[in-house]
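Counting starts at 1 for both ligands and their atoms, following the listed order. No hydrogens, no waters, no symmetry mates; every other heavy atom, side chains included, goes into these values.
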Amino acid sequence: MRTLIFDTDIGVDDAFALAYAARTQRLLGITTVFGNVAVGQAVKNARLFCAKMNISAPVYRGCSRPLALAPSAPATLHGADGLGDAFDNPYSDVADSAVQFIIDSVRAQPHAITLVAIGPLTNIACAINQAPDIIPLVKELVIMGGAFGTDGHAGNVTPFAEFNIWKDAHAADQVLASALPVVMLPLDVTHKVLISGEEVRQLNQPVLSAICRPYLAYSLQKEGFDGMALHDTLTLSWLALPQAFSVTTAPVRVVTEGISRGQTLQRVSTLTSRDDPFAGLRAQRLCLGVDAEAVRQHFFATLRA
Ligand code: BDR
Ligand code: CA
């Protein structure tokens, strides 16, 4: 069992991932970030969801905007509050600093903490910029984000970019180009692991059923499919059953400007040039293939009440 800091812009699939994390790993704390919702709403959502699901973990407040880009509107797919507008939320949005919590925790438990990041990477970038000494002390950083275009999955916000990376492309570039040991779960695999509305109901988890109702209704209306991709939960699938993934290693950079902003690029060329943007970078692990049925069945068995 790993000790996790769970970094989230908590929307619907983040909440599924949090329920999965609480059942499979040791949760040290939940750090929130803007993305699917504003950061204050993310703090409130994390507290509400933990209370409803009997999850015990402190919640911290992280970055409210990207490092350099202008802030963009929250996602709409997850409902106005990010959790399907299913419940009143009486919780406070005041909390201690997420970035400081990450720094202090990694220093206090060197080589023991796994960071799971399922929103924009702004908190992680701020933590390593403020305290570069933590970089070699992180056990692993597991990210849901990016898209490499295998099987046509190249983006979900633009034809080139995945939401979490696109939201703060500079933060993503800094984190992926750092010496942190990263594992990426990009759209290439997350789009292959789907859950139907009926399968959600069979989990017998009323809170999960309630929060994903508008998401499923939208998907049915727009795509004719009563179901959704389990995106963020795949970070926990990686920790629980890494053998279900096929992994490529390559250095990765992120396009920060222009029409392909947010595009994740892995080194495929063997060309050596003086202007090589990958020169000297750590090869990160990219999950590009998945045994979707193994991942789905493990998730169902773990979450079924
Ligand atoms: C990512 O975007 C968000 O809306 C989801 O929570 C997930 O983290 C998928 O691109
Ligand atoms: Ca997310």
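Counting only distance, with no hydrogens or angles, the side chain of R47 and the backbone of S92 share a donor-acceptor pair below 3.5 Å. In terms of modelled atom types and a separation under 3.5 Å, the side chain of D232 and the main chain of A17 share no donor-acceptor contact.
Residue I118 has at least one nitrogen or oxygen atom sitting less than 3.5 Å from a nitrogen or oxygen atom of ligand 1, judged on distance alone. Looking at ligand 1, you'll find an N or O of N156 within less than 3.5 Å of one of its N or O atoms.
Looking only at protein heavy atoms, the nearest one to atom 4 (O) of ligand 1 is N36 OD1, 2.7 Å. Among protein heavy atoms, atom 8 (O) of ligand 1 sits closest to D232 OD1, 2.6 Å. The nearest protein atom to atom 2 (O) of ligand 1, hydrogens excluded, is given as F163 CD2, 3.4 Å; this is a heavy-atom distance.
Under 4.0 Å from ligand 1, not a single heavy atom of T190 appears.
Note: Y20 and H298 have tilted aromatic rings, judged against thresholds of 30 and 60 degrees for the angle between ring planes. Relative ring orientation between Y215 and H78 is described as perpendicular, the plane-to-plane angle rising above 60° on a 0-90° scale split at 30° and 60°.
Of all atoms in ligand 1, listed by their number and element, those nearer than 4.0 Å to a heavy atom of D13 are 5 (C), 6 (O), 7 (C), 8 (O). Taking every heavy atom of H78 and a limit of under 4.0 angstrom, the matching atoms of ligand 1 come to 4 (O), 6 (O). Every atom of ligand 1 is numbered from 1 in the order shown, and the set under 4.0 Å from a heavy atom of D14 is 6 (O). Near E162, with a cut-off below 4.0 Å to any heavy atom, the atoms of ligand 1 are 1 (C), 2 (O), 9 (C), 10 (O).
At a threshold of 4.0 Å, the pair D9-K167 does not count as salt-bridged, since none of the basic side-chain nitrogens sits closer than that to a carboxylate oxygen.
Not a single N/O/S atom of F163, whether from backbone or side chain, sits less than 3.0 Å from the Ca ion (ligand 2). Among the backbone and side-chain atoms of D13, no N/O/S atom is found under 3.0 Å from the Ca ion (ligand 2).
Across every non-hydrogen atom of T3 and Q109, the tightest pair is CG2-OE1, 4.4 Å.
Contact annotation: the side chain of F148 approaches that of M184 to within less than 4.5 Å [non-hydrogen atoms, C-beta and beyond]. Annotation: side chain of D13 is not in contact with side chain of T190 (no heavy-atom distance under 4.5 Å).
The atom of D232 nearest to the Ca ion (ligand 2) is OD2, with the search restricted to N, O or S atoms. For D9, the N/O/S atom at the shortest distance from the Ca ion (ligand 2) is named OD1.
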Stepwise side chain to side chain donor-acceptor pair (under 3.5 Å) test for R23 and T302: CA-CA 7 Å; R23 281 168 170 74; T302 308; over 6 Å; no

